[in-house]
Amino acid sequence: MARRTKAEAAATREALLDAAEGVFLERGVARTSLEQIAREAGMTRGAVYWHFKNKADLFRAMLQRVRMPFEELVEEIGDPSLAEKPLEAIRQACLRGFLRLEQPRYRRVHAILIHHCETFAEIDPLAMQNEMAEEACGALKGYFSKAAAMGHLRQDLSPEIAARLLQAMLGGLFHDWLRNHEQFSLHERGAALLDTQLELLARAPNGR
């Protein structure tokens, strides 16, 4: 019975987060109340407070469902040889990320964070975006540092600059796609831009 109750509680929590996604996307975060989320999920406001302290707590839980730590993307690929090919590891992880972002939930939540969330109370969308960007940039810098140590990175580029250049390209691509996701495939365009960017950052065969 306890196991069933735990499973039911988990299902209720997920249903509330699903409902929050829909209402946040339609009304914006600031204009959405917990009562509206509960109503959308077919539950009472008490059910919301059982799982979340407040709207900020619920919002962070919604974001957590779509977080994609770079290291986890690399680990999911399951290719031990990538340990000796840091630039290819970056490429494979980014491609995996593109596919993940094209899934409706990932697209919706990022659209909410970037386009439908105002700063209020305990929610600062800009700070959250910056935190995610710096986390990704830090991971990229680590891989570019390894590439530099192995002689795979252009000698006139520091790992920091290489990471910032790639992050700027990825961020611009993602924002362009998010404004109108039906205009082009994130994975297809992203793959072409990513390959070109990494080729420009890699050390040429002549050693430059």
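Predicted, not measured: the structure shown is a model, and the values here were computed from it. All values below were derived from every heavy atom in this structure, side-chain atoms included, with hydrogens, water molecules and symmetry-related copies excluded.
Proximity of Arg67 to Met132: side-chain heavy atoms (C-beta onward) are separated by under 4.5 Å at one or more points. Residues Tyr143 and Pro159 fail the side-chain proximity criterion, which asks for heavy atoms closer than 4.5 Å. Residues Val109 and Glu21 form a side-chain contact, since some pair of their non-hydrogen atoms from C-beta on lies under 4.5 Å apart. Contact check for Thr119 versus Pro125: side-chain heavy atoms found under the 4.5 Å cut-off. Side-chain contact check for Leu194 versus Leu166: some heavy-atom pair is nearer than 4.5 Å. Contact annotation: the side chain of Phe52 never approaches that of Leu34 to less than 4.5 Å [non-hydrogen atoms, C-beta and beyond]. Contact check for Thr12 versus Trp50: no side-chain heavy atoms found under the 4.5 Å cut-off. Using a 4.5 Å heavy-atom threshold, the side chains of Asn130 and Leu126 count as touching.
In this structure, Ala89 and Val74 approach most closely via the heavy-atom pair O-CG2, 4.2 Å. Considering all non-hydrogen atoms of both residues, Glu134 and Gln167 come closest at N-NE2, 4.2 Å. When all heavy atoms of Cys117 and Ile123 are compared, the closest pair comes out as SG-CG2, 3.6 Å. For the pair Leu198 and Ile90, the tightest heavy-atom approach, listed with the atom from each and the gap, is CD2-CG2, 4.2 Å. Residues Ala202 and Leu87 come closest through the heavy atom pair CB-CD1, 3.8 Å. Minimum interatomic distance between Ala15 and Ala41 (heavy atoms only, all atoms of both residues): O-CB, 4.1 Å.
Residue Lys141 places its NZ atom among 12 or fewer non-hydrogen atoms of other residues, nucleotides or ligands, all under 6.0 Å distant. Within a 6.0 Å radius of CD in Glu199, no more than 12 heavy atoms belonging to other residues, nucleotides or ligands are found. For Arg96, the CZ atom sits in a packed shell: over 12 heavy atoms of surrounding residues, nucleotides or ligands are nearer than 6.0 Å. Heavy atoms of other residues, nucleotides or ligands lying less than 6.0 angstrom from CD of Glu26 number 12 at most. Enclosure of atom CD in Glu188 is not indicated, since only 12 or fewer non-hydrogen atoms of other residues, nucleotides or ligands lie within 6.0 angstrom.
Hydrophobic cluster membership differs between Leu193 and Leu200, with clusters built from Ile, Leu, Val, Met, Phe, Trp and Tyr side chains linked at under 4.5 angstrom. Linking ILVMFWY residues whenever their side-chain heavy atoms come closer than 4.5 Å, directly or via other members, places Val66 and Leu73 in the same cluster. Linking Ile, Leu, Val, Met, Phe, Trp and Tyr residues whenever their side-chain heavy atoms come within less than 4.5 Å leaves Leu82 and Phe70 in two separate clusters. Tyr49 and Leu16 fall within the same hydrophobic cluster, defined by Ile, Leu, Val, Met, Phe, Trp and Tyr side-chain heavy atoms under 4.5 Å apart, directly or through other members.
Atom OG1 of residue Thr32 and atom NE2 of residue His116 lie 11.0 Å apart, to the nearest 0.5 angstrom. Atom-to-atom distance recorded for Leu113:CG and Phe24:CZ is 11.5 Å, nearest 0.5 angstrom. Here SG of Cys94 is found 10.0 Å from CD of Gln197. Values are rounded to the nearest 0.5 Å. Note that CZ of Arg164 and CG of Leu140 are 10.0 Å apart. Values are rounded to the nearest 0.5 Å. Between Arg203 atom CZ and Asp156 atom CG the span is 10.5 Å, to the nearest 0.5 Å. With rounding to the nearest 0.5 Å, the separation of CG in Leu95 from CD in Glu88 is 8.0 Å.
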Stepwise, does the salt bridge (Lys or Arg N to Asp or Glu O under 4.0 Å) test hold for Asp176 with Arg179? CA-CA 6 Å; Asp176 285 347; Arg179 283 198 301 271; 2.6 Å; yes
Using the rule given for side chain to side chain contact (heavy atoms under 4.5 Å, CB included), can you reason through His115 versus Leu178, listing the C-alpha separation, both sets of side-chain angles and the distance that settles it, and then say yes or no? CA-CA 9 Å; His115 298 301; Leu178 202 57; 4.2 Å; yes
In sequence, state the C-alpha distance, the side-chain angles, and the governing distance for Arg107 and Leu186, and then conclude on side chain to side chain contact (heavy atoms under 4.5 Å, CB included). CA-CA 11 Å; Arg107 174 175 51 80; Leu186 178 65; over 6 Å; no
Dump the intermediate steps for side chain to side chain contact (heavy atoms under 4.5 Å, CB included) on Lys55 and Glu122, then the final yes or no. CA-CA 9 Å; Lys55 186 163 62 173; Glu122 300 177 20; over 6 Å; no
Are Glu102 and Leu99 close enough, and set up right, to give a side chain to side chain contact (heavy atoms under 4.5 Å, CB included), and what steps lead you there? CA-CA 5 Å; Glu102 286 189 324; Leu99 289 173; 4.3 Å; yes
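Under the salt bridge (Lys or Arg N to Asp or Glu O under 4.0 Å) test applied with Asp18, the options Arg105, Arg13, Arg108 reduce to a single match, Arg105.
Proximity of a side-chain donor or acceptor of Gln36 to a complementary backbone N or O of Ser33 within less than 3.5 Å is detected. For Lys146 (side chain) and Ala83 (main-chain N/O), a donor-acceptor pair under 3.5 Å exists by modelled atom type. No donor-acceptor distance shorter than 3.5 angstrom exists from the side chain of His181 to the backbone of Trp177, with no hydrogens or angles considered.
The existence of a salt bridge linking Arg27 and Glu40 is excluded, since no basic side-chain nitrogen approaches an acidic carboxylate oxygen closer than 4.0 Å.
Taking the six-membered ring for Trp and thresholds of 30 and 60 degrees, Tyr106 and His110 have nearly parallel ring planes, at less than 30 degrees apart.
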